[in-house]
Student: 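Got a structure for you, written out below as structure tokens; questions coming shortly.
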Amino acid sequence: MTMCVITPESRRRRGKGRWAKQRPVIQMFHVSKSFGNDPPTLVDINLDIAKGEFVFLTGPSGAGKTTLLKLIFLAERASKGQVLVAGRNVARLRDSGIPYLRRNIGVVFQDFKLLPRRSVLDNVGFALHVVGTPREVVREKSLRTLKLVGLANKAHLLPPKLSGGEQQRVVIARALVNDPAILLADEPTGNLDPALTVEIMDLLCDVNARGTTIVVATHDATLIQRYQKRTLRLEQGTLVAEEKGARAAQLMVQG
Amino acid sequence: MSLVAKTSYFARTALESLWRSPFIHVVAVLSLAVALTGFGAARVVASQLDRLVESLSGEVELTVYLKADSSDETRAQLVTALEQRTHGKATIVSPEQALARLEAQVPGVRALSKDNPLPWSIEVAVPPSARQAQALREVARKVEQLEAVEAVDFGEAAVDRLEGLAFALRLAGLVVFGLVFLTVVVVVAATLQLAIYARREEIEIQKLVGATNRFVRAPFLIEGALQGLLGALIALGLLLLATHVGWPRLVALLGVLDAVAPAVTLRLAGEVAALGASLGLVGSVLAVRRFLRA
Ligand SMILES: Nc1ncnc2c1ncn2[C@@H]1O[C@H](COP(=O)(O)OP(=O)(O)OP(=O)(O)O)[C@@H](O)[C@H]1O
Ligand SMILES: [Mg+2]
């Protein structure tokens, strides 16, 4: 099927991932999240994601997948419980420390968050300027990353002139351009056709093989079935199950 | 390296923003220019008033009328004493000289009487330092008590009135200026906030990809300072126009003679520029603060 799954290369890396299980990079202990007086969005979440692991996060719409990811890069703070990233309790992180946490986390936003009046290249380069990378390096790195997602020829267009799938790939490029230690991808293939989905997933597998911890939130049962990864399943704000690909996909299809 | 990269990024971002949304920035620059023109004009008018008071009260002299029996020696002593006390220039005027002067103003006066009824007097031109009513009054009071002195006259009321007028004008100017300035500061802050509001999405995304507040703020500060300087440039242009073109026309029209032309000094230019830059800077700091939370 895909390179990611069958090569001995990837098997070796998965082995590495298992070894790394002793070194958790994302942990949650009894985490709850409520917005105002609404019923809580997340209830008593406990999870443990190891360094170098590739994890799917699934569940029906509104289950709280995006919210859970937001707790990791502190777009939202947990109402209760503790969130640890690379061993640090981010619940206690002061606002001034947030930027330094985020520089290690690439995020593929479900709603893209691209700047409509800046070129694709500038949008990708944005993440590099923020850390004070020189202009030429920004340009060169951004172009290289755009090539990875197959958009080098669209570098100078404005995002609104791109198709949904192309925009999604720009977002993926922006998340990857910094070589982040953690990649959080919220429906990264939601707008892609099957062929492109495979391509992007292979790219993510490659990135994962180079040591980046990856969490992919998705509805897509075929994705989960094809890539046999640990899958966390959210339902109405609680983590109901944790199983390996095929079984998880089966459960999803059965509903 | 990183510092250079950041600085050039900030400068580019600031210029780009000026370039991308010119309208909002034109409004901000113009409102800054209005505030700064007001400030500059107030300063020019104030210095004109100072000069006016100075030149008018320069005409008010201290005149000491002496008793008829005063001797040459007493007069000489008095001249020295007066010059010492006022640091001014004292001149003895004989009855004959006084009458000649009067004759010049009112022809035929001399024929009215055979005797010259005018006394000896000493006229003192008061230097600027002693020109305040209070100081003159002090000198007059002391001189009046002297043996040989009949009376002292120094246009007290005129000096008083002039000083009072200048003070009132300056106070009124200050109040008006303060109100205008306050209004414009509010307008400037609101305009800058509007300009930043247009870029809130960019700020949000910058923060999501790991920008510090300082990093987000920097281009806005540069932008604010640039706007302030641009506003100052326009204000100085307007002030120069007013003093170099407007004033001569006004003089020609009203026929005011001998008026000292108002000037935009280098110092005033510096003040306007500094005020403009800091106004833009402070306005930006206040405006961007709202968008940096979370
Ligand atoms: N800022 C917020 N304020 C109030 N409620 C919120 C907020 N963000 C999320 N919620 C609520 O939390 C619940 C979970 O939302 P979330 O976006 O995490 O779901 P999701 O699993 O990502 O769904 P989808 O698959 O549709 O993206 C929703 O019911 C939503 O209304
Ligand atoms: Mg979501």
Side-chain angles (χ1 to χ4, degrees), chain A residues 69-70 72-77 94-119 122-139 141-142 158-159 170-171 173-182 184 186, chain B residues 1-26 28 192-223 284-294:
Chain A
L69 294 182
K70 280 182 176 173
I72 299 170
F73 64 98
L74 280 187
E76 298 287 352
R77 283 181 185 271
R94 281 190 301 159
D95 281 354
S96 57
I98 295 177
Y100 305 97
L101 171 76
R102 288 184 182 161
R103 288 174 193 184
N104 296 308
I105 305 177
V107 183
V108 178
F109 299 97
Q110 191 172 14
D111 53 351
F112 297 173
K113 294 197 190 297
L114 290 171
L115 292 168
R117 293 173 68 198
R118 296 203 177 226
S119 72
D122 279 356
N123 265 286
V124 175
F126 220 54
L128 288 172
H129 279 305
V130 156
V131 291
T133 313
R135 207 178 168 191
E136 309 74 49
V137 181
V138 170
R139 211 187 136 71
K141 266 191 151 180
S142 307
L158 296 179
V170 177
V171 182
R174 183 182 62 193
L176 291 177
V177 75
N178 249 344
D179 297 321
I182 300 171
L184 307 176
D186 203 349
Chain B
M1 182 175 83
S2 165
L3 188 71
V4 174
K6 271 186 187 167
T7 314
S8 87
Y9 178 76
F10 293 151
R12 256 183 296 127
T13 308
L15 288 175
E16 237 175 71
S17 153
L18 289 175
W19 179 248
R20 270 166 199 272
S21 43
F23 178 71
I24 202 79
H25 289 106
V26 164
L192 289 175
Q193 206 164 58
L194 218 60
I196 296 173
Y197 185 76
R199 283 164 63 191
R200 68 197 182 289
E201 203 187 2
E202 189 177 332
I203 294 177
E204 186 208 342
I205 296 172
Q206 273 184 326
K207 294 214 68 183
L208 283 174
V209 298
T212 56
N213 279 350
R214 244 192 300 169
F215 182 91
V216 175
R217 209 184 288 126
F220 289 105
L221 298 194
I222 294 177
E223 209 176 294
S284 300
V285 171
L286 294 180
V288 81
R289 219 166 47 160
R290 262 191 49 198
F291 299 96
L292 284 178
R293 299 202 189 111

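Because only heavy atoms are used, hydrogens play no part in the values below, and waters and symmetry mates are left out as well, while side chains stay in. Residue numbering restarts at 1 for every chain, and letters A, B, ... go by the order of the sequence lines.
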Student: Tell me, side chain or backbone of A:V137 under 4.5 Å from chain B's heavy atoms, or both, or neither?
Tutor: neither
Student: How many angstroms lie between CD1 in B:I205 and CG in A:N123, if you round to the nearest 0.5 Å?
Tutor: 7.0 Å
Student: Which atoms of A:I105 are under 4.5 Å from chain B, going by heavy atoms: the side chain, the backbone, both sets, or neither?
Tutor: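 The answer is neither part of A:I105.
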Student: Flag the pair B:E202 and A:R117 as a salt bridge only when some basic side-chain nitrogen lies within less than 4.0 angstrom of an acidic carboxylate oxygen.
Tutor: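 Result for this pair is no, no salt bridge flagged.
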Student: Please determine whether side chain to side chain donor-acceptor pair (under 3.5 Å) holds for the pair A:H129 and B:Q206, giving the CA-CA distance in whole Å, both sets of side-chain angles, and the decisive distance to 0.1 Å.
Tutor: CA-CA 9 Å; A:H129 279 305; B:Q206 273 184 326; over 6 Å; no
Student: Take the angle between the ring planes of A:F73 and A:F109 and call it parallel below 30°, perpendicular above 60°, tilted in between.
Tutor: perpendicular
Student: Counting only heavy atoms closer than 4.5 Å, note whether B:R12 contacts chain A via side chain, backbone, both or neither.
Tutor: side chain
Student: Between A:P180 and chain B, which part of the residue has a heavy atom less than 4.5 Å away: side chain, backbone, both or neither?
Tutor: neither
Student: With a 4.5 angstrom heavy-atom cut-off, is it the side chain or the backbone of A:T133 that approaches chain B, or both, or neither?
Tutor: backbone
Student: Looking at A:R102 and B:K207, would you say the former's side chain and the latter's main chain have a donor-acceptor pair under 3.5 Å?
Tutor: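 Between the backbone of B:K207 and the side chain of A:R102 there is a qualifying donor-acceptor contact (under 3.5 Å).
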